[in-house]
Structures are given as structure tokens and as C-alpha cells.
Novice: 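This is the structure, below, for whatever I ask next.
Worth knowing before you read on, the calculation uses all heavy atoms, side chains too, and leaves out hydrogens, waters and symmetry mates. In each ligand, atom 1 is the first atom listed, and ligand 1 is the first ligand listed.
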Amino acid sequence: MPRVLTGITPSGTLHIGNYFGAMRPAIELQAGGDAFYFIADYHSMTVITDPAERRAYSNGIALDWLACGLDPAKAVFWRQSDIPEVCELTWLLGSLTPMGLLERAHSYKDKLAKGIAPNFGLFAYPVLMAADILLFDTNVVPVGKDQKQHLEMTRDIAIKFNLTYGETFVVPEERISEEVAVIPGLDGQKMSKSYGNTIEIFGDEKALRKKIMGIKMDSRTPQEPKPDADKNLAIQLLRFFAPKDVALDYENRLRAGGLGYGDLKKGLFEHYWNYFAPYRAKRAELAASPDYVESVLRDGATRARAVADKVMARARQNCGLR
Ligand code: ADP
Ligand code: TRP
């Protein structure tokens with residue numbers, strides 16, 4: 001049974017890119033019975049410096065995962081910082097990670113290009129991510145396409161450690177499903193918490209309707225045929241929420257002419273809103289039971305630690321620390 005592991009950083013409110021790119025595939029994989037999912041709160045340190053905000057996003061993500069179907073009876077679910085040994089492992093791995101490897105990281109280069117002042121945490125981020133994965137003898141990591149390079153780095157680091165100190169870590173593989181590899185945001189770029197172009201999974205109905213109705217379209221009249229209908233952003237998003245034939249019907253009507261952009265966006269909103277309706281109800285229930293949610297995370301940390309302790313002992317032993 002392959003062990004599956006993934007994490008999401010609590011640096012904002014989760015959006016449909018996180019849902020289709022990471023959460024839904026992970027939730028499908030929990031049926032395999034060896035699933036490890038965590039809230040990557042150490043990773044949020046480079047993004048957020050307000051403690052209350054960090055706590056609020058972490059709690060929110062816990063609710064999101066559980067509401068969307070993470071089942072604590074099937075998957076181990078915990079907060080990264082409840083197992084601080086991951087930082088110890090980061091040091092062991094970082095001591096073998098070439099500077100050049102980290103300098104080539106797209107995520108790091110993108111942040112520099114955006115004018116974000118770099119710090120050690122930002123630079124070392126792929127090493128912490130490698131530690132997250134290697135600490136649990138992970139076989140498979142379901143992620144969006146933007147994480148592909150980080151998985152390659154994790155593999156490189158694991159292989160180098162194994163060559164240097166003897167067989168210690170399982171070398172993991174990424175799992176990227178092509179149709180949901182990159183969910184576009186409201187502006188057509190990759191949807192991301194840091195680009196301000198997200199459609200949240202949960203939130204205020206009025207505000208979300210406004211966001212979707214505000215998607216920019218071109219100035220062609222409703223009657224004009226649109227041969228490029230399949231490239232329309234609202235059509236692309238609709239495909240995630242509406243049954244295949246319904247999405248195709250919208251696309252055909254847009255292509256033929258006669259369907260206005262306003263009506264298309266209204267349809268997109270309705271399908272999106274109904275898609276998450278059952279999860280919304282579950283989330284409200286969970287939000288009223290913070291003690292239950294906390295107990296799930298504590299229990300998850302205990303179960304995750306049972307694995308982490310063994311792997312950490314192996315790593316220390318092999319490199320001559322104890
Ligand atoms: P963000 O870019 O919004 O900060 P994260 O980096 O926290 O998102 O990503 C958490 C998970 O969600 C990762 O597995 C990532 O690949 C996935 N993900 C994020 N944005 C998208 C997207 N637009 N399309 C597909 N997957 C995504
Ligand atoms: N870096 C990932 C992201 O920003 C989140 C993450 C942290 C992660 N550690 C991980 C994902 C380990 C998979 C496995 O999306």
C-alpha cells in the first residue's frame with residue numbers, strides 16, 4: 001500500500017485551485033488507508049508575521065479539509081508544528097543540499113522577481129518541504145503542477161542522503177493529475193493566494209457572486225459567434241462544477257452566438273455555489289465544535305509521530321549523530 005502525503009500552507013483562505021489541485025485528489029486517495037495530510041504552518045512563517053492571523057488560517061484550513069471530506073478514521077491529519085523534529089531533519093538535509101539547487105527554484109526566483117525581500121526561510125523552503133515528505137517514508141505526493149520542481153528536489157536530496165549515509169529515506173514520487181494541474185484564476189493566470197485572483201471554496205455569497213460576475217470578458221456582443229469559446233475563462237471554470245453535458249451546452253451556445261457573458265457568469269456562479277453546498281453545511285457544523293477539531297489534530301499528531309520518530313532515529317543513526 002503506497003503511503004500518500006500532502007500539505008497546504010495556511011497563508012490565506014483556500015481556493016478552488018487548492019481544492020481541485022490538491023485536496024480532492026488527496027481525499028480520493030485516503031480510501032487506500034495510508035494517507036498523511038498536514039497543515040503546513042511552519043511554511044507560513046515566510047508569508048505571515050501576525051500570530052492571530054496564522055492561528056486563524058490554520059484553524060480555517062482544518063475546517064476546510066474536514067468539511068470537504070477528509071476522514072480522520074482513514075487519514076492521519078495534523079499540524080506540522082506539532083512535530084518539530086521536521087526542523088531537525090531540515091538541518092540534516094540542508095547540510096547536503098547544494099546552493100545551486102536552491103538557487104534554481106522557480107518559487108524562489110518568482111518571489112525575487114516580484115520584489116519580495118528574500119530571507120533564509122524563503123531560500124530554504126524546498127528543504128523544509130523535502131523534510132516534510134521524507135520524515136514519513138512517503139511514496140506518493142499529490143500536488144498541483146506548481147510543486148513539480150519541489151518534488152524533484154526532494155528526490156535529489158533523498159538520493160544524495162542515501163548515497164552519503166546509506167539507505168535511509170524512501171524516494172517519493174509526485175502525483176499530478178493533468179486535467180486539474182493548473183486552475184486558472186479570475187485574471188487567467190494560475191490561481192494563487194498570493195496573486196489576489198482567487199475564488200474561495202467557502203465565503204460570503206454576495207462577495208463571491210460579485211467576484212465571479214466581475215470576471216473580465218472582451219467587448220464582443222452577445223450575438224456574435226465566438227469560435228474561441230473553449231478558451232473562455234468562465235467556460236474553463238464551469239467545467240469543474242457542472243456536469244459534462246451542461247458545460248458543453250454552454251460552450252456550444254457561446255460559440256454559436258446568442259449567449260451573453262452576463263448569463264454565462266450567472267450560470268458559472270450557480271454551479272459553483274451548488275457544488276460546495278453540502279460541504280458548506282458540514283463546515284458550519286464543525287465550526288461549532290472547535291474541541292472536536294482540536295482533538296482530531298492532536299490524535300493525528302500522535303499517529304504521525306509514531307512514524308516520524310522511527311524515521312528520525314534511522315536518520316540520526318545513519319549519519320552518526322547517536
Ligand atoms: P497558493 O499558490 O494559493 O499559495 P499553495 O502553494 O498553498 O497555494 O498550494 C497548496 C496546494 O494547492 C499545492 O498542492 C498546489 O499545487 C495546489 N494549488 C495551488 N494553486 C493551484 C492551482 N491554481 N491549480 C492547481 N493546483 C493548485
Ligand atoms: N509547499 C506546498 C505548497 O505551497 C505545501 C507543502 C509543504 C507540501 N510541505 C509539503 C505539499 C509536502 C506536499 C508535500 O503548496
Side-chain angles (χ1 to χ4, degrees), residues 3-27 29 35-48 57-58 60-61 64-65 68 76 78-81 83 86-87 89-90 93 105-108 110-111 114 116 121-122 124-155 157-158 170 172-201 233 236-237 239-240 304 308:
R3 173 162 301 152
V4 182
L5 173 143
T6 199
I8 296 186
T9 306
S11 55
T13 307
L14 294 193
H15 53 77
I16 61 171
N18 299 135
Y19 178 74
F20 289 108
M23 291 171 91
R24 198 180 61 173
I27 286 164
L29 287 167
F36 281 64
Y37 303 139
F38 66 97
I39 301 169
D41 53 357
Y42 282 138
H43 282 275
S44 75
M45 302 303 294
T46 55
V47 196
I48 294 179
Y57 285 140
S58 290
I61 290 195
D64 294 343
W65 269 107
C68 289
V76 180
W78 77 101
R79 235 179 333 241
Q80 184 186 27
S81 61
I83 306 189
V86 74
C87 295
L89 183 56
T90 300
L93 300 177
H106 302 311
S107 60
Y108 180 66
D110 288 352
K111 286 186 177 130
K114 285 207 176 74
I116 296 173
L122 206 58
Y125 157 96
V127 187
L128 177 58
M129 181 158 164
D132 288 331
I133 296 168
L134 301 179
L135 186 57
F136 297 95
D137 281 343
T138 305
N139 302 107
V140 175
V141 185
V143 280
K145 202 173 194 166
D146 59 325
Q147 297 296 319
K148 189 177 167 61
Q149 192 191 29
H150 294 142
L151 262 294
E152 283 159 6
M153 291 175 156
T154 300
R155 292 167 57 84
I157 294 170
V170 173
E173 275 167 32
E174 83 255 14
R175 172 82 53 90
I176 298 171
S177 81
E178 270 314 310
E179 73 272 22
V180 295
V182 183
I183 314 290
L186 292 165
D187 55 359
Q189 286 190 75
K190 171 194 129 89
M191 185 175 291
S192 171
K193 292 182 220 108
S194 42
Y195 299 164
N197 63 356
T198 57
I199 301 173
E200 285 73 27
I201 306 173
L233 179 61
Q236 286 179 7
L237 291 172
R239 288 193 194 122
F240 290 106

Novice: Please report which non-hydrogen protein atom sits nearest to atom 27 (C) of ligand 1, along with the residue it belongs to and the distance in Å to one decimal place.
Specialist: Gly17 O, 3.3 Å

Novice: Please determine whether any non-hydrogen atom of His43 lies less than 4.0 Å from an atom of ligand 1.
Specialist: no

Novice: Do any N/O atoms on His15 end up under 3.5 angstrom from N/O atoms on ligand 1?
Specialist: yes

Novice: What closest approach, in Å, do Met23 and Leu14 show between heavy atoms, and which atom pair accounts for it?
Specialist: SD-CD1, 3.8 Å

Novice: Output the list of atoms in ligand 2 that are nearer than 4.0 Å to some heavy atom of Thr9, sorted by atom number.
Specialist: 4 (O), 5 (C)

Novice: To the nearest 0.1 Å, how far is atom 3 (C) of ligand 2 from its closest protein heavy atom, and which atom is that?
Specialist: Gln147 NE2, 3.2 Å

Novice: Should Tyr125 be counted as touching ligand 2, given the test is an N or O pair under 3.5 Å?
Specialist: yes

Novice: Please list, in number order, the atoms of ligand 1 under 4.0 Å from a heavy atom of Gly21.
Specialist: 25 (C), 26 (N)

Novice: For Arg239, look at atom CZ and say whether over 12 heavy atoms of other residues, nucleotides or ligands are found less than 6.0 Å away.
Specialist: yes

Novice: Looking at atom 11 (C) of ligand 2, what's its closest protein heavy atom, distance included?
Specialist: Gly7 O, 3.4 Å

Novice: Considering the heavy atoms of Phe38, write down every atom of ligand 2 situated less than 4.0 Å from one of them.
Specialist: 9 (N), 10 (C), 12 (C)

Novice: To the nearest 0.1 Å, how far is atom 9 (N) of ligand 2 from its closest protein heavy atom, and which atom is that?
Specialist: Asp132 OD2, 2.7 Å

Novice: Quick one: are Tyr37 and Val4 in side-chain contact, heavy atoms under 4.5 Å?
Specialist: yes

Novice: Tell me the protein heavy atom at minimum distance from atom 25 (C) of ligand 1, and give that distance in Å.
Specialist: Ala181 O, 3.2 Å

Novice: Please give me the minimum heavy-atom distance between Thr13 and Lys193, naming the atom from each residue.
Specialist: O-CG, 4.0 Å

Novice: What's the shortest distance from atom 11 (C) of ligand 1 to any protein heavy atom, and which residue and atom give it?
Specialist: Ala22 CB, 3.7 Å

Novice: What's the shortest distance from atom 10 (C) of ligand 1 to any protein heavy atom, and which residue and atom give it?
Specialist: Asn18 ND2, 3.4 Å

Novice: Would you call the rings of Phe36 and Phe136 parallel, tilted or perpendicular if under 30° counts as parallel and over 60° as perpendicular?
Specialist: tilted

Novice: Locate the shortest heavy-atom distance separating Gly17 from Ile183; write the atom from each residue and the value.
Specialist: CA-CG1, 3.6 Å

Novice: Out of all atoms in ligand 2, which are within 4.0 Å of some heavy atom of Thr6? Include the element for each.
Specialist: 11 (C), 13 (C)

Novice: Backbone, side chain, both or neither: what part of Asp146 comes under 4.0 angstrom of ligand 2, heavy atoms only?
Specialist: neither

Novice: Would one find an N or O of His150, backbone or side chain, under 3.5 Å from an N or O of ligand 2?
Specialist: no

Novice: Of all the non-hydrogen atoms in the protein, which one sits nearest to atom 2 (O) of ligand 1, and at what distance?
Specialist: Ser192 OG, 2.8 Å

Novice: Just need the protein heavy atom nearest to atom 24 (N) of ligand 1, so name the residue and atom and give the distance.
Specialist: Ile183 N, 2.8 Å

Novice: Run the side chain to side chain contact (heavy atoms under 4.5 Å, CB included) test on Ile16 and Leu237 for me, step by step, so that the C-alpha distance in whole Å, both residues' side-chain angles and the decisive distance to 0.1 Å come before the verdict.
Specialist: CA-CA 10 Å; Ile16 61 171; Leu237 291 172; 4.1 Å; yes

Novice: Check ligand 2 against His43 and write out every atom of the ligand that is under 4.0 Å from a heavy-atom position of the residue.
Specialist: 7 (C), 9 (N)

Novice: Note the single closest protein heavy atom to atom 20 (N) of ligand 1, along with its residue, its atom name and the distance in Å.
Specialist: Lys190 NZ, 3.0 Å

Novice: Heavy-atom count check: over 12 atoms from other residues, nucleotides or ligands less than 6.0 Å from Glu152 CD?
Specialist: yes

Novice: What atoms of ligand 2 come closer than 4.0 angstrom to any heavy atom of Val141?
Specialist: 13 (C), 14 (C)

Novice: Tell me which protein heavy atom sits closest to atom 4 (O) of ligand 1, plus the residue, atom name and distance to 0.1 Å.
Specialist: Lys193 NZ, 3.3 Å

Novice: With atom 16 (O) of ligand 1 as the reference point, say which of Ile16, Asp146, Val143, Val141 has the nearest heavy atom.
Specialist: Asp146

